Amino acid sequence: MAVDKVKAFFAGTGVDVIELPESSATVDLAAEALSTEPDQIAKTLSFLVNDEPVLVVMAGEARIDNHKYKGVFHKKAKMIPFDQVEDYVGHAPGGVCPFAVKDGVQVYLDESLKRHEEVFPAAGSSNSAVKLSIPDLEKYSGYEAWIDVTKN
């Protein structure tokens, strides 16, 4: 199970994986379950760029700006089909996160996250999360770069 991979990933770091009794598979469900604002949920979207998986982590209420996305990746935004996400990334939809992903998956952090001191990314399942400061998100996500691909 992917949540177990994420737990192993964080073992010994002091970061606790929060397992919830209810679903946190969407931004609104996660915000309600974690008693926080939807924008503080760090959602992770999965895309294909030149047939390679790319994850973009952004604030919960942010939306992709196709023009900005194309400016960064030089391709039109193409999300990984729902039924193929787990094969490409290692986590199923609803639990996709930038931790314990398959080799070769590139992670980018969107500027929209910088509105918050702490965010809640998923942790590999549709009812799990972690609470991280932005510096810790940088540290543990193995991100490639900060990018700006969302609408303001």
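Heavy-atom basis, side chains included; hydrogens, waters and symmetry copies ignored. As the structure is a prediction and not an experimental result, all values here were calculated from the model.
When side chains are defined from C-beta on, Val149 does not count as touching Tyr108, because their heavy atoms never get closer than 4.5 Å.
Counted within 6.0 Å of CD on Gln84, heavy atoms from surrounding residues, nucleotides or ligands total more than 12; the atom is thus considered enclosed. Around atom CD of Glu32, no more than 12 heavy atoms belonging to other residues, nucleotides or ligands sit under 6.0 Å away. The number of heavy-atom neighbours closer than 6.0 Å to NZ of Lys139, taken from other residues, nucleotides and ligands shown, is 12 or below. Summarising the local packing, NZ of Lys102 is surrounded by more than 12 heavy atoms from other residues, nucleotides or ligands at distances under 6.0 Å.
Using cut-offs of 30° and 60° for the angle between ring planes, the Phe47 and Tyr69 rings count as tilted.
Of the inter-residue distances, the one linking Lys76 atom NZ with His67 atom NE2 reads 14.5 Å to the nearest 0.5 angstrom. Taking CG of Leu137 as the start and CZ of Phe99 as the end, the distance is 5.5 Å to the nearest 0.5 Å. Here the OG1 atom belonging to Thr44 is positioned 9.0 Å from the CG atom belonging to Leu109, to the nearest 0.5 angstrom. Ser112 OG to Asp39 CG: the interatomic distance, rounded to the nearest 0.5 Å, is 7.0 Å. Distance check, rounded to the nearest 0.5 Å: CD1 of Ile80 to CG of Asp87 gives 10.0 Å. Distance check, rounded to the nearest 0.5 Å: CG of Leu29 to CD of Glu22 gives 8.5 Å.
Contact record, Ala123 with Val130: CB-CG1, 4.1 Å, taken as the closest heavy-atom pair. Nearest heavy-atom pair, Val27 versus Gly60, reported as atom, atom and distance to 0.1 Å: CG2-O, 3.6 Å. Considering every non-hydrogen atom in both Lys43 and Ala59, the closest pair reads CE-O, 3.7 Å. Here the shortest heavy-atom pairing between Cys97 and Ala122 reads CB-O, 3.1 Å. Of all the heavy atoms in Ser125 and Ser128, the pair that sits closest is OG-OG, 2.8 Å. Across all their heavy atoms, Ser23 and Ala33 have their closest contact at O-CB, 4.4 Å.
Of the possible donor and acceptor atoms, one in the side chain of Lys68 sits under 3.5 Å from a partner among the backbone N and O of Thr150. A distance-only check finds no donor-acceptor pair linking the side chain of Glu138 to the backbone of Tyr143 [under 3.5 Å]. His91 places no side-chain N or O within 3.5 Å of a backbone atom of Pro98 that could act as its donor or acceptor partner. Between the side chain of Asn127 and the backbone N or O of Leu20 there is at least one donor-acceptor pair closer than 3.5 Å. Here the side chain of Lys78 pairs no donor or acceptor atom with the backbone of Asp51 at under 3.5 angstrom. Checked by atom type and distance alone, the side chain of Lys131 never pairs as donor or acceptor with a backbone atom of Phe120 at under 3.5 Å.
Between Thr26 and Asp28, the side chains place no donor N or O within less than 3.5 Å of an acceptor N or O (distance only, hydrogens not considered).
Ile41 is not connected to Ile134 by any chain of hydrophobic side-chain contacts under 4.5 Å among Ile, Leu, Val, Met, Phe, Trp and Tyr, and they are in different clusters. Linking ILVMFWY residues whenever their side-chain heavy atoms come closer than 4.5 Å, directly or via other members, leaves Val85 and Met79 in distinct clusters. There is a path of hydrophobic side-chain contacts, each under 4.5 Å, that joins Val6 to Val89. Under a hydrophobic-cluster definition in which Ile, Leu, Val, Met, Phe, Trp and Tyr are linked whenever side-chain heavy atoms come within less than 4.5 Å, directly or via other members, Leu113 and Ile64 are assigned to different clusters. Under the 4.5 Å side-chain heavy-atom criterion for ILVMFWY residues, a single connected hydrophobic cluster contains both Leu55 and Trp146.
Looking at Asp110, Val107, Val119 one by one, the single match for side-chain contact (heavy atoms from CB on, under 4.5 Å) with Val57 turns out to be Val107. The side-chain contact (heavy atoms from CB on, under 4.5 Å) with Lys7 is formed by just one residue from the set Asp16, Val17, Val15; it is Val17.
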